[in-house]
Number of protein chains: 2
Amino acid sequence: MGFQDVKKISIRDVAALAGVSVGSASRVLNNAPNVTEDVRVKVERAVSVLQYRPNHAAQSLRSQTSKTIGCLFSDVSNPLYARAFRALEGCFRPDGYMLLLSNGLNDPEREIEILRTFQLRGMDGVIIAPGNERHAEVLDAVNRLSMPVVIYDRDMAVDCDAILLDHFNGVKTAVKHLISLGHQRIGIALWHGHSRPVRRRLAGYKAAFRELGLDVPNLIMQEATSTSSVFEDMMQTLRSDEPPTAMIVQGTYTLISALRAISRMGLRVPADISVIALGDTEFAQTYDPPLTALRTPIEQIAQKARLLLLERINGRRGNDDADHIGTAPTKELIPYEFIVRESCAPPGGAG
Amino acid sequence: MGFQDVKKISIRDVAALAGVSVGSASRVLNNAPNVTEDVRVKVERAVSVLQYRPNHAAQSLRSQTSKTIGCLFSDVSNPLYARAFRALEGCFRPDGYMLLLSNGLNDPEREIEILRTFQLRGMDGVIIAPGNERHAEVLDAVNRLSMPVVIYDRDMAVDCDAILLDHFNGVKTAVKHLISLGHQRIGIALWHGHSRPVRRRLAGYKAAFRELGLDVPNLIMQEATSTSSVFEDMMQTLRSDEPPTAMIVQGTYTLISALRAISRMGLRVPADISVIALGDTEFAQTYDPPLTALRTPIEQIAQKARLLLLERINGRRGNDDADHIGTAPTKELIPYEFIVRESCAPPGGAG
DNA sequence: GTGAAAGCGCTAACAA
DNA sequence: TTGTTAGCGCTTTCAC
C-alpha cells in the first residue's frame, strides 16, 4: 500500500540534525527576523534532507488557528455555489488556507450542526449562505460563532459582514434595456421561494416599470419545484393572448426549459422574442445566438470575501483579542455586469 | 460582532466543576466502558452547564487522527464531481468526518501541492480523481501519501484501492440497445482528451459493433475544448450524406449542444433520431421527451468509498500500525444503470 | 474505577 | 541571536 509506516519526523529531528535548538529551527521555519544566515542554512538543509513537514495539528493547537475557512452553502451541485467555491479556494490558497465545504441542503438542523462543527474545529473564518436566512435557530447558531463570518447574498439579522449581489439594480437595468428597445410585455422567470435573490430580483423588475410610469405586466413566473413545470408554464404563457415579447430568465435549467419552449413554439431569438439570462454561464455564452446576460463577478466577490475575513482574522478591524471593539459590520453591495450579446432586438419580428 | 471573547472552556474546567479528574472527564467524553454512573452524570452535567466542546486540534494532535477526509477532484464546477462530493459528505458525516475539498484544475503542480497539503494536515483518508492520471510526479505524490487512498474512476499505476465506473459495458449496452431497435448508424459524442472515462467508453462503443460482426461507423465526435464546437460538429454530421440515426452523448453541456443542433435541423427525438445520455441529470429526466440514460449510481459509489477508507483507517484491512501487511488493493468496478425512457425508437421516422 | 502524569509537536516567552 | 522551557487541550498509560 501507499501508506506503510513513514517514520514521523518532528522539529526535534530537524534541530538535532542541524545542530541547533528546536527554538532556532522553529524560528527558521516561521521566517522569524532574528536568525543568522548560518543557522538558517543548516536548518533548511536538515529540513530538505529529512523531508520535514510541520505537523498541522500541533501548529493549530499551539497557535490557536487552523488556517482553515469553513464554507456553508446550500448545495454545491448548484453551479452557482460550485463556482463560488472554486473562486474562494483560489483566493485563499496563496495565504495557506484550506476550505472546508459543507452542504446545508436547506435543512436548518443540518445547517446548525455544520456551524457547530465549524466552531468545534476552530475555523479561522466562515463564509455562509444558508438556505434558511430567517430561521431563528440558524441565526442564533451564527451569532454564537466565535470567529469572523461573511454572509454571502443573504439577508440575515446578524451582526456580520456581508457580500450582497445587487439583484435589484441588475434586473432593473435588464428590464430598462428591453424597454428601451421598445418592449412592453416583458416576462420574468424566477425560482420558487422567498430567498433574498428572488425577492430583490422581483423588486427590481417591478421598480423598472414603475419608475417609467408603466404598469407591471402580469408575466411573473415562479416555478414550483421541478424544472419540468417551467417548460409547461412557458408554453402556456407563449400561447396566451398577450404573450411576452421578451423574457428575463433565472438559472441554467430554468433557462434551458424556457428556451426549449420558445423553440418548440417555432419562435426565434431575438427576432420573435428577446431573452436575457440572469447569471452568465457557458451555456448562455455559447447558445445560438449568444445570450445577453447579467454576470455575477464571482472573482471579485471571492476577493472581497477574502479581504473581509483576513482583516478581521488579523485583527485589523477588531477581533476577540483586540482591546478595542471590532469595526461595525460591512455590507458590500456588488453590482452585476450587464453583458450585451445578440439575444435582444426590438419587438415585432423585425429581425 | 459575533466573535467577542468566549472564555475558552477546557476539559480541566469540566473536571473541576464535576469534582473529578481530567482523566475521568475524558473517559466519560469518550464513552469509555469503565466509569461509574455517578461520575458520568456529574461530568455530563458539568459539560452542559459549561457548554463544553472538545478542542479538535488537541484531539488530533494527541490521537494522531484528524477525522477529516481529503477530496481532490479536477473541478467541482463539473456537476459530476459536485454530486459525488455531496454524496460523500452524506456518507461520512454520520461517522464524524468532515471533507476537505480541493480543485486540481488539471494542473499537475497544483495537484501535487494539494496532495502534499493533505499529508501535512494529516487527513485520515483521501479520495482523488486527478486530471493527470499518468503524470509521473502526480503518481509519485500519491505513492508518498501515508494514509489510505481511494482512486475515483482513474487508471493510475499506484497500489491503492480504486472505484471504477464500468463505462465499457455501460456504453456497450447502450449501443446494443440501439442496434436491437434497428439502428446501424449510431454516433457517439465524447469529451476531448484521454482520460479513463473517454477511453473506456470508446472501447465499449467499438466492442458493441465488433461483437455483432458489424463495422464501427465513422461517427465518433470528440469535442475540442469549447462546447460551441459540439454544436458545429453535430450540425455538420447531421447534414452529411449518411447522418446518424442515433446518438450517444456525454456530459450535460455537450448534450444540450447536440440537442440544439438536432432541433435546429428540424429533427425530432425519437422519431427522426434516437438519443441516449451518458450520465443521468435533471435535464435528461425533464427533457421532452425524457431521455434514455446511463445513470451513475453515485450513492452506491460514495458508500463504497466510505467502506474502503474506513476499513483501512480502522485497520481491518491493514494499515501502517498493523503488524501484518495491508490487504492488496481492491478495484471495484461499478456498473451503470441503464434507464430506458422515451428518446429511443426504431430508425426511419416511423414515430 | 479513578487520579496523576506523561507526552502528542509545536510556538513563544524568557534567559543567557 | 540562540537555547531552554512552559504549556496549547487532550488521551492514555500506569499506579492506586
Side-chain angles (χ1 to χ4, degrees), chain A residues 5-44 46-47 50-68 96 119-122 124 146 320-321, chain B residues 5-44 46-47 50-68 96 119-122 124 146 320-321:
Chain A
D5 194 29
V6 178
K7 180 136 45 52
K8 284 289 172 192
I9 308 289
S10 89
I11 197 172
R12 318 182 79 90
D13 301 309
V14 173
L17 180 60
V20 300
S21 71
V22 285
S24 295
S26 176
R27 264 168 239 133
V28 171
L29 292 166
N30 294 296
N31 291 311
N34 46 349
V35 269
T36 37
E37 193 55 23
D38 176 47
V39 171
R40 157 154 279 118
V41 170
K42 285 195 290 190
V43 170
E44 278 169 353
V47 164
L50 296 174
Q51 293 265 49
Y52 167 77
R53 296 285 151 191
N55 178 300
H56 183 254
Q59 285 181 315
S60 291
L61 177 57
R62 182 60 231 234
S63 60
Q64 305 288 9
T65 143
S66 61
K67 282 288 189 178
T68 311
Q119 178 67 40
L120 226 82
R121 294 195 171 214
D124 292 342
S146 72
D320 50 352
D321 300 320
Chain B
D5 194 30
V6 178
K7 182 137 42 51
K8 284 288 171 191
I9 307 292
S10 88
I11 197 170
R12 319 181 79 91
D13 301 308
V14 173
L17 180 60
V20 300
S21 71
V22 284
S24 294
S26 176
R27 266 168 236 133
V28 171
L29 291 166
N30 294 297
N31 292 312
N34 46 348
V35 270
T36 32
E37 193 54 23
D38 178 45
V39 172
R40 157 155 277 119
V41 169
K42 285 194 290 189
V43 170
E44 280 169 352
V47 164
L50 297 174
Q51 292 266 49
Y52 167 76
R53 296 284 152 193
N55 177 302
H56 184 252
Q59 284 181 315
S60 290
L61 176 57
R62 183 58 232 236
S63 60
Q64 305 287 10
T65 143
S66 61
K67 281 289 189 179
T68 311
Q119 178 68 41
L120 227 81
R121 295 198 170 210
D124 292 343
S146 72
D320 50 354
D321 300 321

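Quick note on labels: first sequence line is chain A, next is B, and so on, each numbered from 1.
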Residue mapping more 5' on DNA chain C - nearest nucleotide basis, B:Ser63 or B:Asp38
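Here B:Asp38 is the residue nearer the 5' end.
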How many Å lie between [atom1] on [X] and [atom2] on [N], as a whole number?
X       : N      : atom1 : atom2 : answer
A:Arg62 : D:dC10 : CZ    : C1'   : 15 Å
A:Asn34 : D:dG3  : CG    : C1'   : 13 Å
B:Arg40 : C:dT2  : CZ    : P     : 10 Å
A:Asn31 : C:dT11 : CG    : C1'   : 14 Å
B:Arg12 : C:dA4  : CZ    : P     : 11 Å
A:Arg53 : C:dC8  : CZ    : P     : 22 Å
A:Leu61 : C:dG7  : CG    : C1'   : 12 Å
A:Gln64 : C:dA12 : CD    : P     : 11 Å

- Query: Do you know the tightest heavy-atom contact between B:Leu29 and B:Tyr52?
  - Reply: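 Closest heavy-atom pair between B:Leu29 and B:Tyr52: CD1-CE2, 3.6 Å.
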Query raised in the report: Which atom names give the shortest non-hydrogen contact between B:His56 and B:Ser66, and what distance separates them?
Result: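 Of all heavy-atom pairs spanning B:His56 and B:Ser66, the closest is NE2-O, 3.0 Å.
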Would you mind telling me which of [options] lies closest to the side-chain atoms of [X]?
X       : options               : answer
B:Thr36 : D:dT11, D:dC10, C:dG1 : C:dG1
B:Val20 : D:dC10, C:dG3, D:dG9  : C:dG3
A:Ser21 : D:dT11, C:dT11, D:dG3 : D:dG3
A:Val39 : C:dG9, D:dG3, D:dT2   : D:dT2

Measuring to OP1 and OP2 of [N], would you say a side-chain N or O of [X] lies under 4.0 angstrom away?
X       : N      : result
B:Ser26 : D:dT11 : yes
A:Asn30 : C:dT11 : yes
A:Gln59 : C:dT11 : yes
B:Ser24 : C:dG3  : yes

Please examine the side chains of B:Arg27 and B:Val39, heavy atoms only from C-beta on, and report whether any two atoms are closer than 4.5 Å.
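No, too far: nothing below the 4.5 Å cut-off.
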* In a check of side-chain contact (heavy atoms from CB on, under 4.5 Å) between B:Val20 and each of B:Val28, B:Val43, B:Asp38, which one passes? ->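 Only match with B:Val20 under side-chain contact (heavy atoms from CB on, under 4.5 Å): B:Val43.
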Under 4.0 Å, heavy atoms only, any strand: does A:Ser10 hit a base, just the sugar-phosphate, or nothing?
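Counting heavy atoms under 4.0 Å across all strands, the contact made by A:Ser10 is with sugar-phosphate only.
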Heavy atoms only, 4.0 Å cut-off, all strands: where does A:Asn55 land among base, sugar-phosphate and nothing?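 Sugar-phosphate: the residue A:Asn55, judged by heavy atoms under 4.0 Å, touches backbone atoms but no base.
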**Asked** Hey, is the main chain of A:Val22 close enough, under 3.5 Å, to the side chain of A:Ser26 for a donor-acceptor pair?
**Response**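 Checked: no pair found.
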Quiz prompt | A:Arg27 (side chain) and D:dG3 (base): donor-acceptor pair under 3.5 Å | solution =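 A donor-acceptor contact between them is present.
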